[in-house]
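First comes the structure, then the notes that go with it.
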Amino acid sequence: MDTADKKSRPDAEPLKLDTILVQEVGQFGPYQLRSLILAAVIAIFTAWSAGEYIFTTARTPTRCFIEECDGEVPEYEPPWITVAVPATSSGFDNCARFENRTVPPDEQLPVDACPAQLFDPSATRPCDAYVYENTHSVVADFGLECDEWRRTLIGSIRTVGTLTVLPLTGFVSDRWGRRTALALNAFNQAWLGLVRYWSNTYIGFIISEFAEATFGSGAFSCAYILVTELVGPKYRVVAGATMNSFFSVGQVLLGTIARAVRPWRTLTLTLYAPQLITIAYFWVIAESVRWLLSKSRFDEATKVLHAAATANGKQLSPRAVESLRAAAERERVEAEQKAADRARAPWLPLLVLRSRPILLRVVVSPIWWISNTFIYYGMSINSVNLSGDGYFNYMAVSAIEIPGYWTAVYLLDRVGRRPVLCIAFWICAACQFGYIFMPDDLWSWSLSLYLVGKFCIAMVMTSVYVYTAELYPTEYRHSLFAFSSMMGRIGSITAPLTPALAQTVWHGLPSALFGSCALLSGCLILLTPETRGKRLPETMRDAELLGRTAPDSTKDRATSDSPS
C-alpha cells in the first residue's frame, strides 16, 4: 500500500490545525492579511487609549498670580516676573512667590509695572491663584498645578484597570469567543473614552480612566490572539511583531494628533469618536478557529477555513475537514484527561518549591517583567518632559520601538535568547546612567542616548515573551507565564509616578531607577538556561534539564517561534 493510500485511511493520524494551515489553507495569504489589517486598526486605537492620559494630564507650567502687578489678562512670563517670584535654574518657581513687603507711606515707589520694593525676597509663600502658560490639560480644570502626585496618580489608576481587565476579558473570550471579546472591549474603550469629555471633577476623571481600562483595554490582546491563531507556525512571531509595530505606529499618530489638537476635551473627542466603528467587528472579523474547535462547533470552524482557503487561492479537502474534527475531538478528550490528572496532582506552588531550577525561574522571571514594563512605559511617559518639543520627543521614542521589535525577531534564533536579553538590558542601563550626566545644552545627544535605551527595551519587550514561555513545561506553562506577566504589571502601574519623582526629589531619579532595574535584570538572565534550539519542555523534569543537554538539531524552528 502506497503512502497516498495510507493517508486516505480513516484510522490514519488526524491532521492538526497547524498542519492544515501549512498544507491546505496557506500559512499567510490574503485572508490572514485582511485579519492582520483589521487587528492593526485595533492596535492603533489601543495605543491612542493607552497613551492619551500622557497628554490630557500633562504637566502645565504655572506661576503665582501677582495681584499687585497682574492685570485682568495676565501675561505668563512678563519682564518683571523674577521680582515677584523666586528664580530657579529652569526659569522661575511654579508654585511660590515672594511675601509682600510693607512700604512706608513716605517711600517713593518707582513707576515700574511691578517695582521690587513691593516684595520681600527673603520670604516666600504658596500661591493663592495661578497663571497658566496654557490650559490644554486637566491641570487647570482640576486644580493640580502644584500637586504632582495627584496628577501622576491618574496614570497609575488607569494602569490598575489594565490588570483587572485580564480576568474579565479571559472569561468573555472563553465563554463567548475571541471575536465577541474583541468587539466588546474595543467598543467599550470608545464610548467610555468619549464619556470622559464631560468629566468636571478629578474623581470623575479618574473613575472614567479606570472604567475604560477595566472594560476596554483587553482589545489588543484579543486581536493579537485572533491574528496569531490563524497564521501558520512560520509566521506567528512575525505576526506578533507586526502587531507590536502597529501599536508603536499608533503612538506616533497619537503624538501627531495631540500636537495638532491640544485642548484636552477636544483631543478626547478626536481620539475616541473614530473608535466607535469597532462595533462593526462583530460582523467583519472571523471567529477564532481554535476557539470554535474547542467548543465542538465544527461546522462554523469549517466555514472559516473554507473561506480562508478560497481567499488564499487554495481548496480545503474533505479529508482535512474530517481529520480536523477527529483531531479536535481527540485534543478535547486529552485536555479533559490532563485537567483531571492535574486536579489529582500536587498543588502547583508545592511542585515549584520542590524543584530548585523551576523555583529560581519563578523568582527571577517576574523581576525581568517588572523591569521591562517599568522602563518601557516609564520612558514613554517621561519623554514629554525631556528638553525640546515634548510632542516630537514622544513620537521619536515611540517610533524607535519598531526597529527594536524586528531586531529582536532577527536575532533571537541566530544569537540566542540570553545574549539578546542580557545585552539589550545592559545597553539600556548604560544609556540611562549616561543620560543623567548629559549636559542640558547637548539636546541632540541626550535624545539620541534616550532613543538607544528605548530601542533596547523594545527588544526586551519582544524577547521576554518568547524566552519566559520556553522556560516552563507545557502542562504548567500558561499558569507560570501568567504569573510573571501579572507581576510585570507592578512596573507599568508605578511607571506613571516617575515624573513626580523627577519633579519633587531629583530630576535624574527616574533614569537612575530605570538603569538600576535594567542592570539587575540583565544579570539575573544569566541564572537561567539558554533555550534556543531546545525542544519545548513537556514535563517538570524536561524543564529542569534545560541547559544540561546539547541543542536538539532536529527541533523545528517553527516550534521555537511558537512557544505557547
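No more than 12 heavy atoms of other residues, nucleotides or ligands sit less than 6.0 Å from atom OH of Tyr410. Applying the 6.0 Å contact sphere to CZ of Phe65 captures more than 12 heavy atoms from other residues, nucleotides or ligands. Counting heavy atoms of neighbouring residues, nucleotides and ligands inside a 6.0 Å radius, atom CH2 of Trp426 exceeds 12 of them. Enclosure of atom CZ in Phe247 by more than 12 non-hydrogen atoms of other residues, nucleotides or ligands within 6.0 angstrom is indicated.
Contact check for Met486 versus Phe481: no side-chain heavy atoms found under the 4.5 Å cut-off. In this structure, the side chains of Trp406 and Pro403 stay at 4.5 Å or more apart for every pair of heavy atoms. Contact of the Ser217 side chain with the Asn185 side chain is not registered, since no non-hydrogen atoms from C-beta on lie closer than 4.5 Å. In this structure the side chain of Pro496 reaches within 4.5 angstrom of the side chain of Tyr53, judged on heavy atoms. You'll find the side chain of Glu209 reaches within 4.5 Å of the side chain of Ile154, heavy atoms only. Residues Met438 and Leu449 form a side-chain contact, since some pair of their non-hydrogen atoms from C-beta on lies under 4.5 Å apart. Arg158 places a side-chain heavy atom less than 4.5 Å from the side chain of Glu212. The shortest side-chain heavy-atom distance between Ser371 and Leu520 does not fall under the 4.5 Å cut-off.
The six-membered or imidazole ring of Tyr467 lies near that of Trp368, with a centre-to-centre distance under 6.0 Å. Ring-centre distance between Phe374 and Phe514: below the 6.0 Å cut-off. Taking the six-membered ring for Trp and the full ring otherwise, the centers of Tyr197 and Tyr272 sit at least 6.0 Å from each other. Here Trp264 and Phe205 bring their ring centres to under 6.0 angstrom of each other. Annotation: Tyr435 is not in aromatic contact with Trp445 [ring centroid separation under 6.0 Å not met]. Here the two rings, on Phe55 and Tyr391, have centers that are under 6.0 Å apart. Side-chain rings of Tyr76 and Phe92 approach one another, their centers coming within less than 6.0 Å.
Annotation for Pro419 and Glu530: closest pair CD-OE1, 3.3 Å, computed over non-hydrogen atoms. Considering every non-hydrogen atom in both Val252 and Ala399, the closest pair reads CG2-N, 3.7 Å. For Asn94 against Tyr130, the heavy-atom pair with the smallest separation is O-CE2, 4.1 Å. Considering all non-hydrogen atoms of both residues, Met459 and Leu411 come closest at CE-CD1, 4.1 Å. Annotation for Met379 and Tyr450: closest pair O-OH, 2.8 Å, computed over non-hydrogen atoms.
Donor-acceptor pairing under 3.5 Å is lacking for the side chains of Ser485 and Trp369.
Between the side chain of Arg151 and the backbone N or O of Cys146, no donor-acceptor pair lies under 3.5 Å. For Arg259 (side chain) and Thr256 (main-chain N/O), no donor-acceptor pair under 3.5 Å exists by modelled atom type. Proximity of a side-chain donor or acceptor of Arg477 to a complementary backbone N or O of Ala469 within less than 3.5 Å is detected. A donor-acceptor contact shorter than 3.5 Å links the side chain of Arg418 to the backbone of Leu526. A donor-acceptor pair under 3.5 Å is absent between the side-chain atoms of Asn188 and the main chain of Gly216, judged by distance alone.
Atom CD of Glu470 is separated from atom CZ of Arg417 by 4.0 Å, given to the nearest 0.5 angstrom. For the atom pair CG of Leu497 and CG of Leu513, the computed distance is 11.5 Å after rounding to the nearest 0.5 Å. Between atom OG of residue Ser380 and atom CG of residue Leu254 there is a gap of 10.5 Å, rounded to the nearest 0.5 Å. Atom-to-atom distance recorded for Trp191:CH2 and Arg196:CZ is 11.5 Å, nearest 0.5 angstrom. The CE atom of Met395 sits 14.5 Å away from atom CD1 of Ile400, with the distance rounded to the nearest 0.5 Å.
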Under 3.5 Å, which donor-acceptor pairs link side chains of residues 355-366 to any protein atom two or more places apart or in another chain?
from, atom 1, to, atom 2, distance (Å)
Ser355, OG, Ile358, N, 3.4
Ser355, OG, Glu544, OE2, 2.6
Arg361, NH1, Leu471, O, 2.8
Arg361, NH1, Ala543, O, 2.9
Arg361, NH2, Ala543, O, 2.9
Ser365, OG, Arg361, O, 2.7
Ser365, OG, Tyr472, OH, 3.0
Ser365, OG, Ser484, OG, 2.8

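Comment: Arg265 engages Asp141 in a salt bridge, judged by a side-chain N to carboxylate O separation of less than 4.0 angstrom. Salt bridge Arg63/Glu77: absent, no basic N to carboxylate O contact under 4.0 Å.
Among the candidates Thr373, Thr162, Thr159, the single residue satisfying the side chain to side chain donor-acceptor pair (under 3.5 Å) test with Arg489 is Thr162.
Disulfide criterion (SG-SG under 2.5 Å) for Cys127 and Cys95: not met.
Residues meeting the side chain to side chain donor-acceptor pair (under 3.5 Å) test with Ser199, sequence neighbours left out: none.
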Between Cys456 and Cys431, does a disulfide (SG to SG under 2.5 Å) hold up when you go through it step by step?
CA-CA 10 Å; Cys456 291; Cys431 290; 5.8 Å; no
